[in-house]
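Quick one: the structure is below, and I'll ask about it shortly.
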Amino acid sequence: MSELRFDGVAVRFGTGGRALTAVDGVDLTIPSGQVVGLVGESGSGKSTLARAAVGLTEPSSGQILLDGVPLRYRAGERRPLQMVFQDPYSSLDPRMTVGDSIAEAVPRSAHLLGVGRRRGAGREDAGREGIGRQVVDRRREVGRLLELVGLDAERALAYPGALSGGQRQRVAIARALAGQPDVLIADEITSALDVSIQGTVLNLVRSLQRELRLSMLFISHNLAVVRYVSDIIAVMYLGRIVEVGPAQQLLNDPQHPYTKELLAAAPRRGTTSLQPPDPTVADAEPADPHHPPVGCRFHPRCPIGPLVRTDREHCLTIDPTAEADRRLHRTACHHAAGAPQTAMAPHTRRTFP
Amino acid sequence: MRARWIAVLRTPVGAGAGVLLFAVLLLALLAPLLWSHQASAIDTEHLLEGSSAKHWLGTDNLGRDIFYRVLVASRTSILLALVATLIAVVMGLALGCAPVLLGRRAGRLTTAVVNIAVAFPGLLLALFFAVVFGVGAKGAVLAIGFAGAPSFARLTQTLVAGVAERDFVAAARIAGVGRFRMLLRHILPNIAEPLVVNATIGAGGALLAFAGLSFLGLGVQPPVYDWGRLMGESLNGIYVHPAAALAPGVAVVIAGLAFNLFGEAVAKGFGVPAMIGPRLRERSAETMPAATDDDEAVLVVKDLYVSFPGPITPVRGISFTIGKGEIVGVVGESGSGKSLTALAVAQLIEPPGQVRAAELSFLGAPLLGRLAVRSTAAARRRLLGTSFAMVFQDPMTSFNPTKRIGTQLAEGAREHQGLNRRQAMARAIDRLRAVRVPAAGRRARQYPHEFSGGMRQRAMIGMGLMGAPALIVADEPTTALDVTVQRQVLRLLETIRTEDDVAILLISHDITVVAQVCDRVLVMYAGRIVEDLPASELATGARHPYTRALLAAVPDLDTPLEEPLAVIAGRPVDPAAMPSGCAFAARCEFAEDRCRSEDPSLVSHGPDHQVACWNPQGTAAWQARYLGSESIRTGQL
Ligand SMILES: Nc1ncnc2c1ncn2[C@@H]1O[C@H](COP(=O)(O)OP(=O)(O)OP(=O)(O)O)[C@@H](O)[C@H]1O
Ligand code: SF4
Ligand code: SF4
Ligand SMILES: [Mg+2]
């Protein structure tokens with residue numbers, strides 16, 4: 001079990017006029033053994049943050065630390081972070097059997113196993129420690145992993161083309177677990193699946209997380225899904241975390257107007273109609289990430305902001321991110337409640353109980 | 001995989017080219033063994049003769065038989081062309097894969113080098129290298145190989161980039177797979193096919209190029225000969241003995257064609273079928289007003305079947321009616337036949353798919369059945385063109401990326417409505433405004449990729465509104481969008497309905513989306529409508545076990561956190577093995593013996609509510625039975 005910390009992470013793409021800061025100074029902690037759910041609209045930078053964590057994109061500033069140690073990646077090395085991707089149809093090599101795909105992610109030698117041991121005791125891990133310096137019996141390991149995600153061990157010989165979307169996503173999860181990750185990152189893993197299958201994958205993720213006590217970053221644009229699996233929820237808007245807090249607390253008492261908007265759009269049992277939000281801002285376009293609005297980035301769409309209330313002109317000029325630590329849920333909004341006095345720990349180090 | 005090769009060989013072009021290529025290769029293999037003696041026999045009595053019974057194509061200056069020489073030359077010609085192609089492919093692969101192996105900076109350098117090399121004409125390069133490597137077969141092979149390398153490098157780069165973008169490569173990198181292994185295990189196998197196909201086509205070109213070099217005297221040197229040299233030697237006598245000069249030329253063309261055609265046929269057979277989006281656009285805006293009758297129904301579908309060879313029938317007899325200004329939702333899991341139903345209505349099912357229906361009429365005009373008169377077919381197309389619009393899941397693939405949005409909207413209107421450029425553009429901007437695209441005038445001049453997903457989807461709806469539609473079919477219009485944008489698009493559809501009295505058929509796998517905007521909901525399972533009910537009753541009044549399971553499976557903000565999510569056990573039915581009874585029986589917790597043998601049909605359960613189930617949930621009859629059995633059970637205890 002490990003703690004993953006994003007410390008002022010920024011990711012920039014392009015240069016000059018086409019430059020774009022997809023992730024802009026993100027501070028976020030994934031406490032050991034907990035699930036942080038990350039919600040936000042399309043293009044807000046969720047995937048970019050995830051890809052930076054696993055080393056697929058290079059952060060242009062800031063640090064990503066695992067148990068306080070900055071992550072460093074070299075090609076061909078075991079990575080302590082593993083990721084499950086959105087589209088199970090493109091995340092498995094169509095020319096490789098499922099078993100080979102998983103086996104490829106199994107650490108090569110006992111030496112590496114020793115590194116992986118840090119993550120601690122899965123149910124059969126006790127036995128695995130005894131293997132010592134021997135090379136792992138990969139086939140057995142693949143079979144074990146397949147069964148762990150609820151598939152027959154014989155499926156190892158199948159090609160991805162023969163599996164349904166839900167089964168492929170299970171294989172993708174098994175492959176991620178094969179790397180014995182300290183932290184698992186799941187990027188929209190159910191959004192390409194049918195509702196009837198989504199449930200089984202979510203159940204699987206939840207039971208695996210509890211069983212293996214994985215630290216996890218769970219990304220989704222669906223608040224109801226995030227709520228179901230997360231201990232902590234972080235809300236992202238235009239490259240920034242605008243609110244973060246313990247799941248129940250954040251849902252019961254959202255501070256940022258964007259969080260409130262997400263909540264209003266999420267389905268509730270028994271509601272069957274679209275509640276029309278404030279018409280003056282309802283159809284405002286998502287801001288252009290190449291030219292993010294100055295002041296508060298949310299102001300062109302904010303139903304309690306300067307476009308609706310004339311006395312809130314400071315939102316146009318003063319960036320609320322700077323003072324976020326002082327507010328409840330570290331909310332990036334001038335009009336959010338203040339943080340309770342007891343929770344004034346330095347923000348980057350704060351973990352939620 | 002193998003099936004696709006067989007399919008390629010079944011097409012006339014594929015089969016013809018395959019046979020031809022086989023024959024050419026066989027000739028190259030056997031000719032020197034069989035006829036090299038005849039080809040080199042010197043007949044001093046018949047020097048430079050025309051065609052005769054003894055020498056079909058005449059003889060050369062040493063009296064050797066040209067016909068046999070052409071046959072025997074096939075091996076040298078083809079072998080050298082193949083070797084040159086091999087060199088080109090290997091070098092191209094090395095250059096093209098370099099970015100993967102060398103990392104970013106060195107990779108960028110090779111890419112730049114390749115880009116420059118590609119800009120030179122291939123023949124020029126070949127000549128240049130031929131001079132550099134010196135006259136002779138070896139030099140020519142190297143020259144043609146080197147000259148072909150840049151285009152293969154470019155091809156490889158493009159293919160590699162395409163594969164490297166896929167998530168499985170990212171996943172392998174995260175799993176710690178090294179660069180070499182990545183190339184060998186993940187990238188090469190996935191680009192092999194197009195590469196082989198292009199190499200085949202390239203071999204045809206190499207053959208031609210080689211003939212050219214030999215013809216110029218830069219290639220094969222005597223006493224060895226290939227087709228190019230034979231041509232060159234016979235050129236002097238072309239007016240006297242045209243056959244002698246033409247025969248090797250014809251051989252080059254035939255062999256080149258064999259490689260080329262075969263490659264092309266395979267490429268075509270393996271390629272993706274054309275997108276349906278653009279076809280729609282052609283007809284999306286024409287002028288004729290719709291032939292509306294008083295009948296309120298916009299669309300009547302009775303007993304619709306869609307089938308494919310196999311045979312499978314993914315849509316099995318569905319019936320529904322959409323009234324004017326009504327929003328009807330269709331839900332169901334993937335493979336349940338939702339999209340096929342929409343495509344059938346839009347007349348977009350391509351052969352070998354077949355559409356059958358007792359009735360399929362739009363605004364009172366029948367859409368199915370063979371039409372005797374051409375003009376009626378045209379009228380039908382016009383009717384669909386003006387009064388019908390379709391919106392797809394991914395608007396990116398439905399727009400042409402190289403044209404401005406406004407131009408694309410205006411295009412159809414100019415062509416069919418006879419508007420001039422200005423008027424058409426004005427209408428396009430007006431329609432963009434109607435779908436709430438902000439700063440419509442400026443946006444109309446932008447390209448599709450400059451639009452966000454939500455905006456693109458709205459522009460697509462705007463395109464449908466260029467005419468005056470009576471029905472919009474929207475297939476998963478919001479699936480690719482996130483909740484807030486999704487809500488804007490749905491609200492837009494709602495507004496269009498109220499303002500213009502347009503009927504909407506909204507297809508989605510997300511039952512909450514459908515519940516939010518629709519008047520009526522059709523639930524599909526395995527190609528059937530299993531429940532048809534008012535959307536307002538969905539949350540509380542659903543009767544079919546599948547509908548209820550679907551509703552229960554969607555997590556919402558009130559889902560209890562302690563329990564696992566409700567799931568629908570089992571798997572959707574395989575359309576190739578449809579059970580005889582209720583298709584849902586294998587997954588249904590209320591299934592009885594009767595369910596497995598008899599297929600329930602859609603019957604009324606009160607006004608506006610139809611259910612296809614032997615054992616509908618929540619009815620009075622069912623409650624009585626269920627409670628009854630419960631009390632019996634408790635009574636026994
Ligand atoms: N390689 C790249 N080059 C340039 N811009 C990029 C690149 N990758 C992402 N972006 C941009 O960065 C921003 C954030 O993208 P990202 O994929 O992280 O969003 P997201 O929150 O995951 O959205 P979604 O919910 O649609 O997956 C977007 O504006 C996107 O266009
Ligand atoms: S800072 Fe102002 S504009 Fe920004 S979210 Fe808060 S109220 Fe709205
Ligand atoms: S007919 Fe029988 S098996 Fe089919 S849904 Fe109804 S109860 Fe279930
Ligand atoms: Mg994403």
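What you are looking at is a predicted structure, and each value in this text was computed from that prediction instead of being measured. The sequence lines fix the lettering, A, B, ..., with proteins before strands; numbering per chain opens at 1.
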Check your understanding: How far apart are the closest heavy atoms of Pro555(B) and Ala224(A), and which atoms are they?
Key ->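 Heavy-atom minimum between the residues: O-CB, 3.4 Å.
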Practice item. Calculate, to the nearest 0.5 Å, the distance between atoms OG1 and CG belonging to Thr559(B) and Leu202(A) respectively. Key: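 One finds 10.0 Å between OG1 of Thr559(B) and CG of Leu202(A).
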Point to revise | Value rounded to 0.5 Å, distance of CZ in Arg185(B) from CG in Asp100(A) | key: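 Result: 5.0 Å between the selected atoms.
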Exercise for review: Indicate the atoms forming the closest heavy-atom contact of Ala171(B) with Ser91(A), along with that distance.
Suggested key: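 For Ala171(B) versus Ser91(A), the nearest heavy atoms are CB-O, 4.3 Å.
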**Study point:** Part of Asn203(A) lying under 4.5 Å from any heavy atom of chain B
**Key:**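 For Asn203(A), the contact with chain B is made by the side chain alone.
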**Study point:** Proximity breakdown for Leu92(A) and chain B, heavy-atom pairs closer than 4.5 Å
**Key:**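 Answer is backbone: N, CA, C or O of Leu92(A) sit under 4.5 Å from chain B.
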Practice item. Output the option from Gln198(A), Gln248(A), Gln82(A) having the highest count of non-hydrogen pairs under 4.5 Å with chain B. Key: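 Top count of heavy-atom pairs under 4.5 Å with chain B: Gln82(A).
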Point to revise | Distance in Å, Asn252(A) CG paired with Leu557(B) CG, rounded so as to fall on 0.5 Å steps | key: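 These two atoms lie 10.5 Å from each other.
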Review point. Contact part of Glu563(B) toward chain A, heavy-atom cut-off under 4.5 Å: side chain, backbone, both or neither?
Key: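 When you check distances to chain A, only backbone atoms of Glu563(B) fall under 4.5 Å.
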Practice item. Compare all side-chain heavy atoms of Arg227(A) with those of Leu561(B) and state whether any distance is below 4.5 angstrom. Key: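 Yes, their side chains come closer than 4.5 Å.
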Point to revise | Part of Met96(A) lying under 4.5 Å from any heavy atom of chain B | key: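 For Met96(A), side-chain heavy atoms alone lie under 4.5 Å from chain B.
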Point to revise | Segment of Arg206(A) engaging chain B (4.5 angstrom heavy-atom cut-off) | key: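 The side chain, not the backbone.
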Practice item. To the nearest 0.5 Å, tell me how far Ile191(B) CD1 sits from Arg95(A) CZ. Key: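 Here the interatomic distance stands at 10.5 Å.
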**Study point:** Nearest-0.5 Å distance that lies between atom CE in Met182(B) and atom CD in Glu104(A)
**Key:**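 Output value for this atom pair is 7.5 Å.
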Point to revise | Most contacts with chain A, counted as non-hydrogen pairs under 4.5 angstrom, among Val169(B), Val567(B), Ile174(B), Ile568(B) | key: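 Top option by heavy-atom pairs under 4.5 Å: Ile174(B).
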Practice item. Might you confirm whether atom CD of Glu58(A) has over 12 heavy atoms from other residues, nucleotides or ligands at distances under 6.0 Å? Key: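 At most 12 heavy atoms, drawn from other residues, nucleotides or ligands, come within 6.0 Å of this atom.
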